[in-house]
Amino acid sequence: MSDHKTMTLTLIVWRQKNANDPGKFETYTAKNITEHHSFLEMLDCVNEDLIHAGKDPIVFDHDCREGICGMCSQVINGAPHGGQERTTVCQLHMRKFKDGDTIYIEPWRARAFPIVCDLIVDRSALDKIIQAGGYTSCHTGGVADGNAILIPKTVADESMDAAECIGCGACVAGCPNGAAMLFTGAKVSQLALLPQGKGEAVSRVKNMTEAMTACGFGNCTNHYECMAACPKGINVKFIARMNREFLKAQFA
Amino acid sequence: MILDGKCPTGPIEQTWDKHRFDLKLVNPANKRKYNVIVVGTGLAGGAAAASLGELGYNVQAFCYQDSPRRAHSIAAQGGINAAKNYPNDGDSIYRLFYDTIKGGDFRAREADVWRLAQVSNNIIDQCVAQGVPFARDYAGYLDNRSFGGAQVSRTFFARGQTGQQLLLGAYSALSRQIKLGTVKMYDRREMLDLVVVDGVARGITVRNLITGEMESYAADAVCLATGGYVNVFYLSTNAMGCSVTANWKAHKKGAFFANPCYTQIHPTCIPQAGDYQSKLTLMSESLRNDGRCWVPKNKADLNKHPNEIPEEDRDYYLERKYPSFGNLAPRDIASRAAKEQCDDGRGVGPGGRGVYLDFSSAIKRVGADTIKERYGNLFEMYEKITDEDAYKRPMRMYPAPHYSMGGLWVDYNLMSNIPGLFVLGEANFSVHGANRLGASALMQGLADGYFVIPYTIGGYLATVKPGQVKTDHAEFKKSTEDVKAEQNKYLSINGKKTVFEFMRELGGLMWENCGMARTKESLELNLKKIPELREEFWKNVKVTGSGSELNQQLENAGRTADFLEFSELMCRDALHRNESCGGHFRSEYQDEGEAQRDDVNFCYVGAWEYKGDNKTPELHKEPLKFDNVHLAVRSYK
């Protein structure tokens with residue numbers, strides 16, 4: 001509202017026309033920003049000014065703007081999603097910044113995520129990992145009653161902890177090796193924990209890790225940066241579980 | 001024209017089973033000869049594409065996001081209904097059917113709603129089999145919670161992320177089919193036209209959002225699962241990319257648009273903070289299980305800290321007005337009640353646009369830990385946005401546009417009036433009548449996708465020869481040229497106002513004059529102002545960049561242009577319906593704040609036919625018959 005103090009910020013933003021363009025940083029000023037603006041609303045304001053000036057606005061991925069779709073993806077001052085605990089870019093608010101700040105904004109940077117335009121990257125590699133085995137092979141219809149197989153609360157809860165992943169790729173962007181181990185580990189663990197997923201546990205972990213490597217993701221060397229970057233707080237214990245599943249699969 | 005929904009007749013309990021038997025089948029060996037297009041990969045589209053691919057059809061699926069996993073179904077929080085009756089509290093298929101008909105204020109088809117209630121139980125089983133981690137109790141049984149508009153606990157949930165988990169279930173099934181090669185996935189594509197040849201839907205024209213190229217796809221049937229249109233209000237709980245475009249393009253090619261004035265305003269959303277705001281965030285209806293809505297009784301208390309206002313000076317208005325449902329009154333009723341308090345000058349927070357949702361008595365009763373376990377992620381989200389701790393002070397809430405009950409008209413087989421065009425999920429109009437009950441959207445999306453379309457599309461395809469039209473047909477070329485011309489027009493205007501400025505202005509008009517309450521005067525005003533705004537748009541919009549590259553302004557320009565046309569239809573429909581029902585509240589037709597239906601004159605589905613640019617659309621009616629549920633005044637008192 002109008003009685004709030006406003007901020008002026010300097011933005012240094014990665015601009016890259018397309019995959020073949022080398023890209024470079026450009027500097028912009030964000031004016032009249034209040035503490036209640038979300039980070040993306042702040043960028044909206046900058047973009048409106050750019051359009052009025054006849055320039056091309058900054059292109060970024062976003063959709064639900066409530067932290068669940070996983071579409072938004074920006075590295076802010078070196079931290080994926082801006083570094084606030086359990087927060088996506090769209091849920092980051094400007095009260096975390098102060099008047100006069102300089103903010104660096106970059107896309108996810110990883111070998112498996114080629115840049116499409118400005119802050120947008122191609123994350124289809126994550127879909128390929130799921131396609132390799134991130135499911136139970138049940139058919140539509142003809143399944144048992146939901147209560148036919150009991151799943152104790154502790155097991156269901158742990159599976160849910162893993163299932164919370166929104167597939168944004170911040171774990172990859174945060175990892176010095178560009179690894180997708182947290183993403184893959186979360187899906188492997190969600191299904192390996194549940195009785196419904198146990199039947200295919202062996203082939204699943206093999207196929208998904210193979211796809212992970214084929215897509216150009218790196219390996220885990222225990223930096224835990226993925227967990228720090230994850231907006232859903234997915235725990236690295238799921239990487240350990242995936243490794244255990246992988247080892248078990250070698251003897252199956 | 002009197003429309004026929006082609007509902008099966010006979011005892012309601014047998015309608016779906018009998019109909020399934022009567023539907024023609026496609027021989028398993030012939031299925032692969034048929035191409036099916038599915039647009040949208042939310043619960044309805046994702047489930048449909050996966051199920052149809054598994055049956056053996058050649059499926060092409062499309063979404064505008066970078067992955068099918070991101071469709072806006074993902075944002076649904078609270079839960080999904082089913083008539084399992086696990087808690088032994090008196091639920092049944094019949095009761096879910098009855099509650100849904102009543103909740104929709106008697107403006108939905110009985111047979112469609114019955115089918116929804118019947119297959120609801122299969123959905124839960126299906127999702128469990130996929131590995132959806134629903135909440136369970138310590139013994140391992142599925143847990144349930146209660147939701148608005150029902151007196152039984154029939155809602156299944158996965159923390160506050162039920163939509164996400166159900167969507168990931170459908171996405172995993174879809175991913176499996178993509179791997180098997182039965183579904184070809186096209187992401188970052190936006191459907192910009194429906195191709196109709198000799199009155200039959202034959203394909204779509206899409207824009208590749210990365211390259212800007214126009215692409216043509218032909219098929220033997222087209223399924224639209226493209227969601228709702230409440231972004232017509234600009235600020236809503238929908239994702240930024242949600243639009244009426246796919247539906248509107250189909251409408252302009254002949255598909256009837258049914259009940260566009262039925263929009264749902266959700267009672268518990270975080271109030272708007274400023275003019276720059278881009279969207280509104282919903283807080284799950286499940287919060288009303290433990291949260292109590294109130295405003296100060298006295299205006300003098302408005303500026304006090306809520307915790308300083310004593311119990312006797314608080315007006316728990318839902319408990320006062322609707323003692324038997326209390327805080328669990330249905331959404332339309334709870335929203336209107338909140339508006340009523342704010343209009344009375346007792347709203348809290350900036351601009352007086354808010355009511356309190358208070359958890360203090362629940363925290364006293366069950367402890368903060370239990371509340372945290374139930375709603376922790378919602379409290380966290382609330383704090384991120386407002387910087388307030390809802391464990392210590394009540395949340396502030398205000399209603400916001402959330403869901404559209406109206407949509408493209410479909411018959412019982414989910415087929416529109418254009419042969420070969422099917423419409424699923426929120427994009428169709430079929431089961432929620434004039435108001436949707438909480439936890440019923442997820443149910444409908446998955447019912448349509450997993451358990452209705454796989455049967456009914458076969459009934460259609462069995463009657464047509466596969467592959468009759470290819471993309472080299474003149475209609476595809478014409479469609480591509482038309483879309484390109486429209487795109488070039490946006491780019492060539494080079495006016496003074498941005499796309500967002502137009503959309504914000506349109507949203508303001510719609511919220512003010514066609515929002516939670518509407519009058520003859522407000523609607524007539526909009527019918528004058530919207531064409532003016534549209535005219536200005538075509539003269540004064542500014543879109544930079546080109547069409548042959550990624551251009552988000554161009555995407556939004558197209559969506560806004562369609563909203564500028566659709567909004568007029570919505571107002572026209574609201575103006576013609578001289579009654580109040582569910583989410584459609586005409587201030588002239590009320591009984592002390594309660595909606596006053598007119599069953600003698602308006603017990604029908606209003607389906608509009610497009611007659612050309614700037615021509616008055618024609619209204620067709622499908623009368624609604626109630627053989628099983630007695631038409632009655634809807635009371636939650």
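Numbered from 1 within each chain, the chains take letters A, B, ... in sequence-line order.
Rounded to the nearest 0.5 Å, atoms CZ (Arg69(B)) and CD1 (Ile130(A)) are 6.0 Å apart. Expressed to the nearest 0.5 Å, how far OG of Ser124(A) lies from CG of Asp66(B) amounts to 8.5 Å. For the atom pair CZ (Arg504(B)) and CD (Glu48(A)), the distance works out to 6.0 Å, reported to the nearest 0.5 Å. To the nearest 0.5 angstrom, Asn47(A) atom CG is 10.0 Å from Thr498(B) atom OG1. Separation of atoms OG (Ser175(B)) and NZ (Lys187(A)) is listed at 9.0 Å; rounding is to 0.5 Å. To the nearest 0.5 angstrom, Asn18(A) atom CG is 10.5 Å from Ile210(B) atom CD1.
In this structure, Ile120(A) and Arg188(B) have side chains that are in contact, with non-hydrogen atoms separated by less than 4.5 Å. The shortest side-chain heavy-atom distance between Asp63(A) and Tyr64(B) falls under the 4.5 Å cut-off. In this structure, His52(A) and Lys496(B) have side chains that are not in contact, with every pair of non-hydrogen atoms separated by 4.5 Å or more. Taking 4.5 Å as the limit, every side-chain heavy atom of Glu41(A) sits out of range of all side-chain heavy atoms of Lys279(B). Residues Gln130(B) and Gln196(A) fail the side-chain proximity criterion, which asks for heavy atoms closer than 4.5 Å. Residues Tyr276(B) and Thr34(A) have side chains in contact (heavy-atom distance under 4.5 Å, counting atoms from C-beta outward). Side-chain contact check for Gln552(B) versus Pro57(A): every heavy-atom pair is 4.5 Å or farther apart. Within the 4.5 Å cutoff, no side-chain heavy atoms of Gln277(B) are placed close to those of His36(A).
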Could you give me the CA-CA distance, side-chain angles and deciding distance for Gln65(B) and Cys69(A), then say whether side chain to side chain contact (heavy atoms under 4.5 Å, CB included) is met? CA-CA 10 Å; Gln65(B) 300 89 344; Cys69(A) 77; over 6 Å; no
Walk me through whether Lys55(A) and Thr544(B) qualify under side chain to side chain contact (heavy atoms under 4.5 Å, CB included). CA-CA 7 Å; Lys55(A) 291 180 185 150; Thr544(B) 63; over 6 Å; no
Evaluate side chain to side chain contact (heavy atoms under 4.5 Å, CB included) for Val59(A) paired with Leu550(B), printing each intermediate quantity in order. CA-CA 8 Å; Val59(A) 173; Leu550(B) 198 157; 3.5 Å; yes
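Between Glu164(A) and Arg159(B) there is a salt bridge, with a side-chain nitrogen of the basic residue lying less than 4.0 Å from a carboxylate oxygen of the acidic one. Note on Lys84(B) versus Asp145(A): salt bridge recorded, some NZ/NE/NH1/NH2 to OD/OE distance being below 4.0 Å. For Arg70(B) and Asp61(A), the salt-bridge test fails: no basic side-chain N is under 4.0 Å from an acidic carboxylate O.
Listed options Ser137(A), Gly197(A), Gly67(A), Pro152(A) were ranked by heavy-atom pairs under 4.5 angstrom with chain B; first place goes to Ser137(A). Contact tally against chain B (heavy-atom pairs below 4.5 Å) for Cys117(A), Ala162(A), Ala132(A), Gly54(A): the top residue is Gly54(A). For the options Cys90(A), Gly70(A), Gly133(A), heavy-atom pairs under 4.5 Å to chain B are most numerous at Gly70(A). Heavy-atom pairs under 4.5 Å with chain B peak, among Leu194(A), Asp56(A), Asp127(A), at Asp127(A). Annotation: maximal heavy-atom pairing with chain B below 4.5 Å, among Cys165(A), Cys45(A), Pro195(A), occurs at Cys165(A). Options Lys96(A), Arg123(A), His62(A) differ in how many heavy-atom pairs under 4.5 Å they form with chain B, and the most are formed by Arg123(A).
Nearest heavy atom pair, residue Gln126(B) against residue Cys138(A), reads NE2-SG, 3.8 Å. Contact between Thr136(A) and Ala129(B) at its shortest, heavy atoms only, is OG1-O, 2.8 Å. Between Ile385(B) and Arg95(A), the shortest heavy-atom distance links the atoms O-NH2, 2.9 Å. Between Lys542(B) and Ile51(A) the shortest heavy-atom distance is CE-O, 2.9 Å. When all heavy atoms are compared, the tightest approach of Ser51(B) to Thr140(A) is OG-OG1, 3.0 Å. Across Pro133(B) and Ala163(A), no two heavy atoms sit closer than the pair CG-CB, 3.8 Å.
Open room surrounds OH on Tyr141(B); 12 or fewer heavy atoms of other groups in view lie less than 6.0 Å from it. Taking a 6.0 Å sphere around NZ of Lys237(A), one finds it holds more than 12 heavy atoms contributed by other residues, nucleotides or ligands.
Interface remark: Phe134(B) contributes backbone atoms only to the contact with chain A (heavy atom separation under 4.5 Å). When heavy atoms are compared at a cutoff of 4.5 Å, Ala139(B) approaches chain A solely by way of its backbone atoms N, CA, C and O. Using a 4.5 Å cut-off between heavy atoms, Asn551(B) does not touch chain A at all. Only the side chain of Glu54(B) comes within less than 4.5 Å of a heavy atom in chain A; its backbone stays farther off. The contact between Asp137(B) and chain A is made entirely by backbone atoms, counting heavy-atom distances below 4.5 Å. Within the 4.5 angstrom heavy-atom criterion, only side-chain atoms of Leu168(B), from C-beta onward, approach chain A. Only the side chain of His93(A) has a heavy atom closer than 4.5 Å to any heavy atom of chain B. Heavy atoms closer than 4.5 Å to chain B are found nowhere in Asn207(A), neither backbone nor side chain. The part of Glu373(B) that comes within reach of chain A is its side chain, from C-beta onward, which places non-hydrogen atoms under 4.5 angstrom from that chain.
Among Asn147(A), Thr154(A), Val155(A), Asp157(A), the single residue meeting the side-chain contact (heavy atoms from CB on, under 4.5 Å) criterion with Arg136(B) is Asn147(A).
Using modelled atom types, one finds no donor on one side chain facing an acceptor on the other under 3.5 Å when comparing Thr281(B) with Glu66(A). Using modelled atom types, one finds a donor on one side chain and an acceptor on the other under 3.5 Å when comparing Arg65(A) with Ser278(B).
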